[in-house]
Amino acid sequence: MRLLPLLLLALTLTLAEAAIDKDNKSSAASIGDVNQHNVINLRLHTEINNNNNDSNSSSDANVDVDVNFDLSRTQRLRDSLNLFDLSLLAAQWPRVEAARTLRVNCTKDMRSYLRGLSDAKMWAVKMDDASGHYTSGFFYGNNYWMGSLALCDAIYDGAITNNNNNNSNSNNNNSNKDNNKDNGLPFAEAFSRAYSSVYNAPPPFLPGFYVLKMQLNETLPTQVLRTIYTGMCLPSSCSIRDVDQMSSFARLELPSRDVRVLDIRVPTDKEFNIWSDKTFCMLIVVSCIVLGLICCGTLYEIYLTRQLQEALRRQDKEMMNNSETSSGIGCASSDYSDTMTAHNESIEALKQSNQSDSDSLKQLNQLVLNLPPTLSGDNDSGNGHLHHHVDHHDDHHDHHDHALDHDAGSNKGNHSNNNSNSDEHLEGHLHEPEKLSIYSELLLSFSAITNFNAICDRNVGADTIPCIHGLRAFSMAWVILGHTCIVVFKYSDNMEMRKKVEQNFFFQAITNGPFSVDTFFFISGFLISYLYFRTNAKGKLNKLSKGANEFTAGTYHFFGLVAYRFMRLTAPYLFVLGVVQVTMKYLAAYSIFDPPTMDHVTCPDYWWRNILYINTLFPVDEMCMLWSWYLANDTQFYMIGAIILIVGVRHFKLSAITTLVFLVLSWITTAVVAFTNNHRPNTDDPLALFDKIYDKPWTRLGPYLIGMAVGWILFRSNCKIRLPRLTVATAWTLAMLNLFVLVFGLYQTDLSQFTAAAYSSLSHSAWALSLAWITIACSTGYGGYINSLLSAPCLYPFSRVTYCAYLVHPIVIRSMALNSDAPLHLGGDLMVVMFFGLTVASYFLAFVVSMSFEAPVVTMLKILSPSRKKRLA
């Protein structure tokens, strides 16, 4: 009985709540009906709004007489940012037609468009929906009010011609309605099944998408000078001048606002036909030729491998038969197997030794039966041909040779036999090696199997410092991260987020990303010096200066180095340069966003500067493929380093003094430029003075020269330096502290003009000094876990394609951003996912380009070298 009152109370509360919910639902339904009516009936009249205002006023008066807010006369932010209003354009349309400033076809189609909006035609509603306007987030950096290019494109599907021709026949009209009932919807088939009774007629004209770039100078409610991008879906018959004229009638003239149209782009014009572009056609032809060579080289290698296997089977069968005739118990066969095992062990020993000199290669060739061609070239330690290896990427190509020779030995696994336990008459039956023609070797240089195995090999040559691979791989990932942030921030609808993110302490790792390029310069300088002496001199430097005249020999030597580097680097560079030109032309014509650089304009005119590696000596506004500044500087440094090394063979003190003078002059020049331009690295954008400090060779030379000095030190010491533990610990502490200060030390600091200039001058060289210790420590046994990380074999493939990854990764990033139909909305998780996705895509393309152009060219250069010895098959 006590529960009865509680049950009655619960029942009463339930009924009351149900009644409230019913009232809420009915009121919501009425509101929904009004909203639905407003959405469908998009007439250019205001009776409904006036009625709503009256009803709202009466209801407000009933609630509280003293509280009465009237915002109808208040200028709100959305009013100030209403830059292209079709309602205003419709109200002033008689004036527009009277002015006769529009073309006839544009006037006719715009009249049809406005009439379609007034009559709530579905195609007109879609065009209005595809047009952009201010929504929100203006003060958070939303400058892109783009609408939807995809929707504007999907409204018209070309069926208008059939409809116009069949208007006289009702049956045909009905069939056309059935065929076009889902016209203009992105998911047309699914929509037609769900809404089979809806008819969506196409517009009476072809829609076009126009992107207006406007400069907004707003003084109320706050002073703002911004560049706004607005997308408008309008009749395609209107020219850029017509849209510019209409925009002046489609906005109110406010005393607090000044709007100027800077540019109008029409992505739907399709003014760029990629199939008629000569550069694109050349790229297609070159790609087809290279693809054909790769297929032929791969098939030829497979053929040689099978031919070898068949020869070995016949040989083994013949040896078995001969053994039965000489010994009733078949001992010869057993002895032969033992002999083969012994030779296999000798090959494994060669693999462990990792010797790339000519004696080891000659011994391996003698052991292997019917050796297939590889990418290798004979590395004669005393041949004096520096152009075989001295390049900041050549270490991994030297490894290509070494790895491929071992791969050939492991695959064949059968060897000539000199064991005394074998029957003497078996020696005459062994398969004799054959020499391949030079044409066969050149064809095999394109083999995908050989090149892929060489890139992915987990071993390195004896003349390679393993930790260099890790430094190069991690630096490349750092470069991709920095470029991803630069491009993505530019095309986001919350660009002010960058200012907030930059206040984060760890974001300094991205802000100071340019140090990653100093790592590349350091590696380049180190390798040219170390490989010059170690790989080509082998301690006998006098061989490098042989010649009738020292100056003449040195001059020939220098031009040989430069020519080899030019041919090795230019093949993939030239191909990617063409891809950049075509890609940027396409994106500039079809993207709703402005391209980050004007490569589609500069590349056709100034590509030759890139091929000559002198593009950094000209203004940045004329530079094609902006990120190629590094290749130009590195090649110029290579020439300086080659001269210093050639002179240093006979005049070491002169070369040392020259290196020191160049280093000091670079510091002084950078300091003067930074001080004159009041450059503040703690607050300025790292690329603020790109044309004066960032890309100029005289400001980036320091790390390269320090790398050359480290290469000479390791060569002279033969990577054997003994240091006390205290010295090692102190050096590691100072090196890590220096790196940490350079990356994070400018966080919320205030530098004077003099201090800022000194920092700009010395910071790059200070970074290289820390790398110098890391390289020396890892090469002499003091690297510990850091050496294990940097020398991890899993990093070798990524390091070997770093050059191609650097070339292609900006194309991947730009294509992702510019092919989007809307701006990105940045967030931490999105940035992480984008970074890893773009890195994977960049390295995939880098592998393709490296296997297609870089590896074959390097191999062909070694095949055609005067010191090249014929390989055996």
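The first residue of the sequence shown is numbered 1, and numbering continues consecutively from there.
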Spacing of CG belonging to D518 relative to CD1 belonging to I523, to within rounding of 0.5 Å:
11.0 Å
Y704 and Y638: ring-ring contact (aromatic ring centres under 6.0 Å, His included), yes or no, with the steps?
CA-CA 9 Å; Y704 196 93; Y638 181 87; 8.0 Å; no
Calculate, to the nearest 0.5 Å, the distance between atoms CD1 and OG1 belonging to I640 and T635 respectively.
11.5 Å
Non-hydrogen side-chain atoms of W627 and I811 separated by less than 4.5 Å:
yes
Should M736 and I774 count as side-chain neighbours, where that means a heavy-atom distance under 4.5 Å?
yes
Cation-pi check for Y694 against R700: NZ or CZ below 6.0 Å from the six-membered ring centre and within 45 degrees of the axis, yes or no?
yes
Start with the C-alpha distance between H809 and S842, add both sets of side-chain angles, then the distance that settles side chain to side chain donor-acceptor pair (under 3.5 Å), and finish with yes or no.
CA-CA 5 Å; H809 81 275; S842 299; 5.8 Å; no
Report yes if the side chains of I643 and T658 come closer than 4.5 Å at any heavy-atom pair, otherwise no.
no
Would you call the rings of F521 and Y630 parallel, tilted or perpendicular, where under 30° means parallel and over 60° means perpendicular?
tilted
Would you call I465 and C778 a side-chain contact if the rule is heavy atoms closer than 4.5 Å?
no
Can you confirm if the aromatic rings of F853 and Y573 lie within a centre distance of less than 6.0 Å?
no
Roughly how far, to the nearest 0.5 Å, is the OG atom of S445 from the CG atom of N451?
7.5 Å
